[in-house]
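What follows is a short report on a single structure.
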Amino acid sequence: MAEEQPRPRVVAVQDVLVTLEQPEGEAAAPMRKNEVIHVHPRRQEADGEAALKGEILRVNGNRADAQIYESTRGVSVGDPVTQTGEMLSVSLGPGLLGRVFDGLQRPLQGLADTHGTFLPRGVDMPALEPKRRWTFQATVSRGQHVGPGDHLGSVREGTITHRVFAPFDLDGEAEVTWIEEGAFTVDEPIAGLDTGEGQRTVCMSQSWPVRTPLPQQLFKRRRVKRVYPETPLATTIRLIDTFFPVAKGGTACIPGPFGAGKTVLQNLIARYADVDVVVIVACGERAGEVVETLTELPELTDPRTGASLMDRTVIVCNTSSMPVAARESSIYTGLTIGEYYRQMGLDVLVIADSTSRWAQAMRETSGRLEEIPGEEAFPAYLDSTIKAVYERAGVLETPHGEHGSLTLMGTVSPAGGNFEEPVTQSTLASVKAFLGLSSDRAYKRYYPAIDPLISWTRYRDQLRAWYDANMNTGWTERVQRMAKLLGEGEDVRQMMEVTGEEGITLGDYVTYQKARLLDFVYLQQDAFDPVDVSVPLDRQREIFELLHKLLTRGYSFDSKADARETFTRLIQLFTNLNTTERRSHRYGELLEQIEDLANKHAAGSGEESGETEPAEAAS
Ligand code: ADP
Ligand code: MG
């Protein structure tokens, strides 16, 4: 920026919100919404503190309101401002995996050691390591034509083949005028393009405005297309994969009151989900939680590759100690990084914990701008903003015919666990799966505390064909039957609360016991047991089919005590089974004992076909 150029100046400061004014009558560059600016506090310029980064939220004639991503301590009226002419953007290129960034994509090294010490104010660090060299292999040659998002070549990034793309904002086709293989840093030129309107030099990194979906230009030019999600995202959590599956490329919301286990569940999913890349957006939760994740992940190995789990993970983190504006941007930063890896034909999972904190950041900013508030003082655009975020998930077919997916899961932490509040409600209207955690189940230590009676998923039907082909024919119907049993068991339980055990029939009591067995040995899963913590789909299939057989069968018991004793024993056997390596000798023994015990109490042989309705069976 040349000194002579007319620059806006600060005319008002209100917490992290500053009002800028351009000098009248001079040829200044127009200020635009979402443009990144830098404020130069005059008082600090002397001791060399760098400029403070911010973003314009609203333009009104020659005035604009901007939010500053850091503390505005020391900023005063008259301070000069630089316009960048650019939107808030992230750097995309090799070297994102395994890294921890804040919401502005500034690297947070050693966070785990320093327990949440963040960067000093005004420090801008490159997101991608500037000195590291990557061995670039070209897949196109001089004279070839490429469009936006086409592969130019690739580098090896850990276990993945990291594609180097022609610029995503390329306006039409361009001719490759030169391309060079070898070891380069992310900022060194690797190719030249003739766009027809001029020459453009390309390096391995490119930047993209976070608030714009990465494939926007590609959609417009029909270079990518949306594909219907039809494969489940295997989390190895039984309750999710069997009962409330989420498709790869789908969306899910995990609401739950404080302490219900959202973060633990998110971390389990991050660890075990069968995806290539995981982006964890930790917005506004306690620093301690992020530190836990950061210290755990590098220790764990990815069952798919044998490498450290951190190698496939990117963490974007902001804790409540960081300024609100940086928190608000973190979800977009995480999504854009996720979209970038999806464009390589990879399966990506983005998990945001918690989106409530993110929405609160939006509310605070909106409040400062004195916008007309909607419900509970959230801005009126809360609903459309949440929708737009979840719309960035999906399966895409790339220009190279590969399928990449981005699955988005967000936790919501409504105050007091009240799901009627605006953030939960807007999220529920935007997602296709709802995994609702209940404090009741968490209190009883029924983990994961997903409440099967309130949760739902639209993917159960959408994935029916996949489950029929890859699990067993009729899988979805059997799952529905078992979900119904849980409801029936709950009805009996409520009845018993009023009338006591004596007040219900033996048949109803058996229904209750059956539902309880299913809950205890299938829905609940022990995150601290090395075997039970992660149950692959083929093992889920085996246990589910066995349970389905046992639970749709008729039994004869002498008394309620007899039924209770038998089911308690079955729970013990199944619990042991769940913590035993599959196909071990012990595993076989336990299966046998389960079958024997169930057979001993089976009703007359005619009813053993598995067709008998549980409620009418025993009496
Ligand atoms: P939230 O994020 O909803 O506030 P957390 O995920 O931090 O809640 O969980 C709170 C506590 O509950 C954990 O510290 C842990 O003790 C317990 N917990 C949660 N999920 C599980 C689980 N799957 N297995 C065992 N304990 C759990
Ligand atoms: Mg949490």
Side-chain angles (χ1 to χ4, degrees), residues 97-98 158-160 229 231-252 254 256 261-282 289-290 292-315 338 341 346-353 393 405-411 433 435 437 447-450 455 457 459 463 466-467 470-471 521-544 578-582:
L97 296 181
T159 55
I160 69 154
T231 319
L233 176 97
T235 64
T236 75
I237 295 167
R238 288 186 291 255
L239 183 43
I240 299 177
D241 297 345
T242 300
F243 281 91
F244 302 102
V246 178
K248 272 188 183 150
T251 51
I254 307 180
K262 297 177 295 294
T263 302
V264 172
L265 183 61
Q266 291 262 29
N267 285 352
L268 286 171
I269 297 172
R271 230 182 269 173
Y272 295 107
D274 67 332
V275 291
D276 303 296
V277 171
V278 178
V279 182
I280 300 175
V281 180
E289 289 181 342
V290 183
E292 265 166 47
T293 312
L294 289 182
T295 40
E296 267 179 14
L297 279 184
E299 310 271 297
L300 297 161
T301 50
D302 182 349
R304 295 148 39 104
T305 61
S308 159
L309 262 184
M310 196 58 208
D311 292 350
R312 69 164 195 180
T313 310
V314 183
I315 298 178
Y341 283 98
L346 301 172
D347 291 317
V348 180
L349 170 64
V350 178
I351 52 189
D353 183 25
S405 69
L406 190 158
T407 311
L408 179 56
M409 292 186 177
T411 67
L435 306 169
L437 303 193
Y447 291 120
I450 299 168
S455 300
T457 173
Y459 298 112
L463 298 171
W466 190 95
Y467 278 107
N470 295 279
M471 295 297 254
V521 308
Y522 202 82
L523 304 188
Q524 295 171 39
Q525 199 169 331
D526 186 352
F528 295 109
D529 180 83
V531 175
D532 204 31
V533 63
S534 169
V535 182
L537 288 185
D538 53 351
R539 182 166 173 154
Q540 290 189 33
R541 169 172 55 200
E542 182 172 61
I543 303 302
F544 178 80
N578 282 342
T579 56
T580 305
E581 291 285 355
R582 198 169 172 220

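Just so you know, these numbers come straight off a predicted model, no measurement behind them.
Judged as a side-chain hydrogen bond (donor to acceptor under 3.5 Å, both in side chains), and not counting sequence neighbours, the contacts of Q524 are D519. In this structure, the salt bridge (charged side-chain N to carboxylate O under 4.0 Å, His left out) partners of R271, at least two apart in sequence or on a different chain, are E296. For Y459, there are no ring pair (Phe, Tyr, Trp, His ring centres under 6.0 Å) partners at least two apart in sequence or on another chain. Under the salt bridge (charged side-chain N to carboxylate O under 4.0 Å, His left out) criterion, D311 pairs with no residue at all, not counting sequence neighbours. For A273, the side chain to side chain contact (heavy atoms under 4.5 Å, CB included) partners are L233, I269, V275, L349, not counting sequence neighbours. In terms of the side-chain hydrogen bond (donor to acceptor under 3.5 Å, both in side chains) criterion, T313 has no residue partners (sequence neighbours excluded).
There is no side-chain donor-acceptor pair under 3.5 Å between D532 and T579. D241 and Q540 form a side-chain donor-acceptor contact under 3.5 Å, judged by distance and modelled atom types alone.
With a 4.5 Å cut-off on side-chain heavy atoms, I543 and Y522 count as touching. Counting only heavy atoms from C-beta outward, the side chains of M409 and L265 never approach each other to under 4.5 Å. Residues Y467 and P245 meet the side-chain proximity criterion, which asks for heavy atoms closer than 4.5 Å. Side chains of Y272 and T235 form no contact here, defined as non-hydrogen atoms less than 4.5 Å apart. Side-chain contact between L537 and N470 is absent, with no heavy atoms from C-beta onward closer than 4.5 Å. When side chains are defined from C-beta on, T301 does not count as touching L309, because their heavy atoms never get closer than 4.5 Å.
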For this session: Just do the side chain to side chain contact (heavy atoms under 4.5 Å, CB included) check on L463 and T457 with the steps written out, would you?
Result: CA-CA 10 Å; L463 298 171; T457 173; over 6 Å; no
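When every heavy atom of A352 is checked against every heavy atom of Q266, the shortest pair comes out as O-NE2, 3.4 Å. What you find for G338 and V350 is that their closest heavy atoms are CA-CG2, 4.3 Å.
Looking at Q525, its side chain never comes within 3.5 Å of a backbone N or O of L239 through a donor-acceptor pair.
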